[in-house]
Amino acid sequence: MTFPAMIFSAGFGTRMGPLTKDMPKPMVPLAGRPMIDYAVDLLRDAGVRQIVANTHYLPSKIEPHLSALDIEAIREDPEILDTGGGLKAALPLFDEDIVVTLNPDAAWLGPNPIKRLIQAWRPEMQALLLLVPMVDASTTRTTGDFSLEQGEIRRIGEFMYTGAQIIRTTGMGQITDKAFSLNVYWDLLAKSAPLNGVVYEGQWCDIGSADGLATAERLLGHV
């Protein structure tokens, strides 16, 4: 069982400071390779064949790289669409209505997180979010995103969303806004049935800043 995937790569990366002045955040080197390459490796290792990535900030600096990796780029222009709007805009490119989404600004040490999601997915699910306990997360965040009880998630708790999920997209047409966060779609889905979560059994690092990048390189053993 595999699904198509989308990598969110359109953001400005402002918290990275000078590192993203002339470079899209997914192209910032992590241990000598563009950050996005690690996300692609995880997806391909999990058997994902179709990968789409959105672009917006400095698209000419990332789109040739995506093309070389056989990844279809969808450019958000003139406005950036956020995660929910970006996924909705990409839906015509997918042959299926269940999609893996992945943020490239994270480092993983341990089992393949995409395989973990695919193994835990069940046909009755609407969304399955990959979570990590706050105590095990390398991040500057001080509060968690969700609680997890018997596989179901609720807002605010001791778990952080890692930026990896499997989500059913059939309800996205109910949102009329062009630009919106995935949080809006999660809230819509949760009105009809609880959303699901599964815990990542490995180490995870949020690369939200230059300090996070340094932490990720230490995690991967390159510093």
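Note that the structure is predicted; figures quoted are calculated from it, not measured. The analysis underlying the following values was restricted to heavy atoms, covering all of them including side chains, and did not include hydrogens, waters or symmetry mates.
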Applying side chain to side chain contact (heavy atoms under 4.5 Å, CB included), run through T139 and C205 and close with a yes or a no. CA-CA 6 Å; T139 180; C205 178; over 6 Å; no

State plainly whether the residues D187 and R155 are in salt-bridge range, i.e. N to O under 4.0 Å.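 Here D187 pairs with R155 in a salt bridge, since their nearest N and O are under 4.0 Å apart.
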
Is any side-chain N of the basic residue among D41 and R33 closer than 4.0 Å to the acidic one's carboxylate O?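 Yes, charged N to carboxylate O under 4.0 Å.
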
Would you compute the distance between atom [atom1] of [X] and atom [atom2] of [Y] and round it to the nearest 0.5 angstrom?
X	Y	atom1	atom2	result
N183	D82	CG	CG	8.5 Å
E217	I207	CD	CD1	8.5 Å
L148	E158	CG	CD	7.5 Å

Has the side chain of [X] got a donor or acceptor atom that lies under 3.5 Å from a matching backbone atom of [Y]?
X	Y	value
T83	L182	yes
Q165	L102	no
N54	S9	yes
E152	N196	no
S209	G212	yes
K61	D22	yes
T20	M16	no
T162	L131	no
R168	M125	yes
Y200	R116	no

Using the rule given for ring-ring contact (aromatic ring centres under 6.0 Å, His included), can you reason through Y38 versus W108, listing the C-alpha separation, both sets of side-chain angles and the distance that settles it, and then say yes or no? CA-CA 9 Å; Y38 294 87; W108 309 80; over 10 Å; no

Going by atom types only, do E72 and S67 share a side-chain donor-acceptor pair under 3.5 Å?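 No donor-acceptor contact under 3.5 Å links the two side chains.
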
For the ring pair F146 and F159, is the centre-to-centre distance below 6.0 Å?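 Not under 6.0 Å, so no.
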
Can you name the residues that form a salt bridge (Lys or Arg N to Asp or Glu O under 4.0 Å) with E149, not counting sequence neighbours?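 Per chain and number, E149 pairs via salt bridge (Lys or Arg N to Asp or Glu O under 4.0 Å) with no residue.
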
Grouping I, L, V, M, F, W and Y whenever their side-chain heavy atoms are under 4.5 Å apart, do V99 and L128 come out in a common cluster?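 No, V99 does not connect to L128 through the hydrophobic network.
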
Sequence neighbours excluded, every pair satisfying ring pair (Phe, Tyr, Trp, His ring centres under 6.0 Å) that has a member inside residues 160-179: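 Pairs touching residues 160-179 that pass the test: Y161-W186.
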
Quick one: which residue pairs count as a salt bridge (charged side-chain N to carboxylate O under 4.0 Å, His left out) with a foot in residues 131-146, not counting sequence neighbours?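 Passing the test, one end in residues 131-146: R141-D145.
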
